[in-house]
Engineer: 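I am attaching a structure below and will ask some questions about it afterwards.
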Amino acid sequence: MKTLLKELIRHAADRAHAAGALPHDLFPEAEIDVPKVEAHGDYSTNFALVAARSQKMAPRQVAEALCAHIADPHGLLARTEIAGPGFINFFLRPSAWLPLLAAVHDQGPRYGSSDLGRGTKVQVEFVSSNPTGPLHVGHGRGAAVGDSMARILAASGYAVQKEYYINDSGRQIQTLGRSVLLRYRQLAGEAVSFPEDCYQGDYIVDLARELRARHGDALLTAEEAEGVMRCARYAADTITAGMRQDLLDFGVAFDRWYSEQSLYDTGRVEASLEALQARGVVYPQDGALWFNTSAFGDEKDRVVVRNNGQTTYFASDIAYHQEKFERGFDRVIDVWGADHHGYIPRMKAAVQASGVDPARFEVILVQMVNLLRGGAPVAMSTRAGEFVTLSDVMKEVGRDAARFIFLTRSADSTLDFDLEVAKQKTNDNPVFYVQYVHARISSILRKAEGTGLGFTGWDAAGATCLDTPDDIQLIKTLGRFPEIVAASARLLEPHRVTFYLLDLAAAFHSYYNRQRVLTDAPALTRARLSLITGVRQVIRNGLELLGVSAPDVM
RNA sequence: GCCCCCGUAGCUCAGUGGAUAGAGCAGCAGAUUCCUAAUCUGUUGGCCGCAGGUUCGAUUCCUGCCGGGGGCACCA
């Protein structure tokens with residue numbers, strides 16, 4: 001619709017210039033907007049305001065010249081008016097909206113999809129939690145944001161790969177192994193103290209118990225280093241498998257799980273350090289090897305090899321991101337917890353130093369989740385091993401509620417997640433509000449089929465019955481969906497789809513209470529069945545982008 | 001001290017430079033002989049944190065301050 005109006009304005013401007021009403025033929029890019037106030041029309045353009053300067057005319061004069069030369073070949077317009085400082089407002093005829101509904105029926109499950117990305121290869125890496133403990137609520141938010149973002153990008157014409165980076169190397173894995181081994185010894189009756197810097201959670205004891213069940217006391221007699229390593233490997237593998245299962249239960253399936261350790265095993269880390277050396281961006285100091293990231297905008301230089309000879313996490317991350325771009329991704333998007341924001345400049349520096357445009361590497365920062373129960377904070381302490389896991393939350397509130405609620409805020413905002421609200425089957429719970437639309441419409445369609453009046457396909461002529469303001473309002477809302485998805489993809493903001501669905505749901509519930517679908521007039525009934533079938537399709541498509549189910553019965 | 005995010009109605013939050021800033025919740029008053037009341041309708045409620053700047057136009061962009069949260073390792 002916007003593109004049609006843009007053409008219409010373009011032609012009017014050319015005609016006005018040809019007729020001498022506008023002196024210059026260079027017209028700046030004008031916006032077509034949906035005004036906030038209904039009295040300002042269905043669409044509005046600031047053409048006259050932006051063109052005023054180059055035309056050396058008052059905005060309202062420009063607007064008048066343009067309006068006088070508008071041709072309307074498709075018969076879209078009921079009327080146009082000039083308002084305020086020089087806005088041109090377009091009021092469309094009811095029939096002008098029907099093609100939007102036709103598009104929903106025509107495209108079905110693909111409605112909302114676009115070719116925005118033109119096949120651009122994008123990788124979305126998210127969650128990537130250390131395999132040292134189960135996923136908690138914060139990871140859930142990252143999972144919901146990352147997975148939804150990937151779905152939205154895929155629907156927008158990008159070739160998307162979802163990846164999980166397993167930090168299965170380094171010190172925290174050593175600590176994990178040590179923690180399990182100590183618990184293992186305790187279970188065997190040894191009186192060993194359990195240090196504070198070890199992982200405290202009960203799951204460590206469970207892992208130790210499993211190892212004893214398998215190997216008995218065998219690890220007691222093994223070399224210390226050997227024992228730690230075997231415990232570490234077992235624990236990391238088991239925890240990773242558990243995370244994979246939790247994520248699958250959450251509706252998140254990764255295309256690839258990428259091991260940090262593999263970067264060492266294949267010599268990638270060493271190779272990328274050598275490459276940095278060849279570029280002259282690293283230097284030795286105080287026995288360590290430093291990367292001069294400050295030359296690329298970071299606030300200080302960073303260590304890549306410690307003075308004990310061990311590489312830092314940063315070193316393997318450099319290798320990892322280099323390797324990502326070598327795999328041919330045009331864009332690499334990482335979803336990180338906001339507590340890692342300080343890491344962005346050095347990662348950008350690393351990308352740039354590798355000869356890749358740093359704009360191709362983007363980070364979505366996701367703010368914290370405050371877990372509440374009935375308005376009161378739920379106490380959580382990773383240190384003491386007390387936390388509510390993602391799995392616990394899913395068991396309590398269900399997958400759909402969890403995913404949806406995680407996406408009811410901009411990623412930039414901290415999120416209050418109230419377990420009691422998430423369970424409620426009331427107005428307070430946004431996910432049911434949206435799903436209820438799908439169930440309600442399904443119910444009407446079942447009833448219609450029972451009376452032999454089922455929806456039989458789009459009928460352009462019959463649809464002209466849809467002429468009340470309520471009908472048109474609903475169709476307009478459906479028509480916004482594609483641009484919402486596109487904006488969401490462009491701005492990397494999945495919550496836009498959530499808010500749109502709440503809007504659409506409100507529009508439908510309102511419609512439902514004001515208009516009847518199943519009436520005594522067969523033609524009107526058929527037309528309205530085609531309308532609500534379209535609404536159901538869009539609800540379904542939108543929920544699919546969020547990874548939330550669309551139930552037929554509630 | 002430096003960096004990032006937030007600050008918009010009583011509460012929780014939308015708002016990619018446009019006109020009279022919106023929604024939900026809470027409060028108040030209503031709606032179902034009829035397609036699912038997990039719904040709807042009406043209504044009260046604002047110095048868009050403060051001060052400058054850019055612009056025809058700023059809640060939106062820039063700078064400084066104030067308040068809240070997070071981060072500033074040869075941990076990850």
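Values below: every heavy atom of this structure, side chains too, minus hydrogens, waters and symmetry copies. Numbered from 1 within each chain, the chains take letters A, B, ... in sequence-line order.
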Engineer: If I pick the P atom on B:rC13 and the same atom on B:rC56, what distance separates them, to the nearest angstrom?
Structural biologist: 37 Å
Engineer: Considering only the C1' atoms, how many Å lie between B:rG46 and B:rG10, rounded to the nearest integer?
Structural biologist: 12 Å
Engineer: Do the side chains of A:Asp503 and A:Arg480 get close enough for a salt bridge, i.e. N-O under 4.0 angstrom?
Structural biologist: yes
Engineer: Answer yes if the side chains of A:Tyr500 and A:Thr477 hold a donor-acceptor pair under 3.5 Å, and no otherwise.
Structural biologist: no
Engineer: Give A:Ala83 one of three labels, base, sugar-phosphate or nothing, depending on what nucleic acid heavy atoms sit under 4.0 Å from its own.
Structural biologist: base
Engineer: Which part of the nucleic acid does A:Asp339 contact within heavy-atom distance under 4.0 Å: base, sugar-phosphate only, or nothing?
Structural biologist: sugar-phosphate
Engineer: Distance check, P atoms only: B:rU39 and B:rC50, in whole angstrom units.
Structural biologist: 36 Å
Engineer: Mind checking if A:Arg409 touches a base, just sugar-phosphate, or nothing, with heavy atoms under 4.0 Å?
Structural biologist: sugar-phosphate
Engineer: I need the residues from residues 480-499 of chain A with at least one non-hydrogen atom less than 4.0 Å from RNA chain B; give them sorted by number, or say none.
Structural biologist: A:Arg490, A:His495, A:Arg496, A:Phe499
Engineer: Name the nucleic acid region contacted by A:His40, choosing base, sugar-phosphate or nothing; use a 4.0 angstrom heavy-atom cut-off, strictly under.
Structural biologist: base
Engineer: Mind checking A:Asp168 for me? I need base, sugar-phosphate or nothing, with any heavy atom below 4.0 Å counting as a touch.
Structural biologist: nothing
Engineer: Using a heavy-atom cut-off of under 4.0 Å over every strand shown, decide if A:Gln515 touches base, sugar-phosphate, or nothing.
Structural biologist: base
Engineer: Answer yes or no for A:Arg440 and A:Tyr512: cation-pi contact, defined as NZ/CZ to six-membered ring centre under 6.0 Å and angle to ring axis within 45°.
Structural biologist: yes
Engineer: Report the relative orientation of the aromatic rings in A:Trp336 and A:Tyr343; use parallel for angles under 30°, tilted for 30 to 60°, perpendicular for over 60°.
Structural biologist: perpendicular
Engineer: How is A:Lys425 classified with respect to the nucleic acid when contacts are heavy atoms under 4.0 Å: base, sugar-phosphate, or nothing?
Structural biologist: base
Engineer: Do the ring planes of A:Tyr283 and A:Trp290 sit parallel (below 30°), tilted (30 to 60°) or perpendicular (above 60°)?
Structural biologist: parallel
Engineer: Among A:Lys476, A:Arg528, A:Gln515, find the one that has a side chain to side chain donor-acceptor pair (under 3.5 Å) with A:Asp471.
Structural biologist: A:Arg528
Engineer: Contact class for A:Asn429 vs. all strands (heavy atom < 4.0 Å): base, sugar-phosphate, or nothing?
Structural biologist: nothing
Engineer: Output, in order, the C-alpha distance, side-chain angles, deciding distance and verdict of ring pair (Phe, Tyr, Trp, His ring centres under 6.0 Å) for A:Phe87 and A:His40.
Structural biologist: CA-CA 9 Å; A:Phe87 290 103; A:His40 293 152; 7.9 Å; no
Engineer: Just call it for A:Asn46: base, sugar-phosphate, or nothing, with non-hydrogen atoms closer than 4.0 Å on any strand.
Structural biologist: base
Engineer: Can you check the distance between B:rA29 and B:rC35, where both ends of the measurement are the P atom (answer in whole Å)?
Structural biologist: 28 Å
Engineer: Here's one to test your reading of the geometry: is the NZ or CZ of A:Arg141 within 45 degrees of the ring axis of A:Phe406 and under 6.0 Å from its centre?
Structural biologist: no
Engineer: If only side-chain N and O atoms count, and only distance matters, is there a donor-acceptor pair under 3.5 Å linking A:Thr519 with A:Thr525?
Structural biologist: yes
Engineer: Using the C1' atom on both, measure B:rC75 against B:rG18 and round to a whole Å.
Structural biologist: 49 Å
Engineer: How would you label the contact of A:Ser443 with the nucleic acid (heavy atoms, under 4.0 Å): base, sugar-phosphate, or nothing?
Structural biologist: base
Engineer: Once you round to the nearest 0.5 Å, how far does OG of A:Ser413 lie from CD of A:Gln367?
Structural biologist: 7.5 Å
Engineer: Counting the atoms with a prime plus P, OP1 and OP2 as sugar-phosphate, which does A:Tyr433 contact under 4.0 Å by heavy atoms, base, sugar-phosphate, or nothing?
Structural biologist: sugar-phosphate
Engineer: Write down the atom of A:Glu420, the atom of A:Arg373, and the distance for their closest heavy-atom approach.
Structural biologist: OE2-NH1, 2.9 Å
Engineer: In whole Å, measure the gap between the P atoms of B:rU55 and B:rC66 for me.
Structural biologist: 28 Å
Engineer: Does A:Asn89 reach a base, just sugar-phosphate, or nothing at all? Heavy atoms under 4.0 Å.
Structural biologist: base
Engineer: By the 4.0 Å heavy-atom rule, please label A:Thr519 as base, sugar-phosphate, or nothing.
Structural biologist: nothing
Engineer: Hey, can you tell me if A:Tyr258 and A:Tyr165 have their rings parallel, tilted or perpendicular (30° and 60° cut-offs)?
Structural biologist: tilted
Engineer: Do A:Asn292 and A:Asp301 get their side chains close enough for a donor-acceptor pair, meaning under 3.5 Å?
Structural biologist: no
Engineer: Just the endpoints, please: which first and last nucleotides of RNA chain B, 5' to 3', lie under 4.0 Å from a heavy atom of chain A?
Structural biologist: B:rC2 to B:rA76
Engineer: With a 4.0 Å cut-off on heavy atoms, is A:Met368 in touch with a base, just the backbone sugar-phosphate, or nothing at all?
Structural biologist: sugar-phosphate
Engineer: Between A:Gln285 and A:Tyr511, who's closer to the 5' end of RNA chain B by nearest nucleotide?
Structural biologist: A:Tyr511
Engineer: Just to be sure I follow the notation: if a pair is Watson-Crick (purine N1 to pyrimidine N3 plus N6-O4 or O6-N4) or a G-U wobble (N1-O2 and O6-N3), each under 3.5 Å, what dot-bracket string does RNA chain B give, with | for pairs to another strand?
Structural biologist: (((((((..((((....[...)))).(((((.......))))).....(((((..]....))))))))))))....
Engineer: For the P atoms, the ones on B:rU59 and on B:rA9, what distance do you get once it is rounded to whole angstrom?
Structural biologist: 15 Å
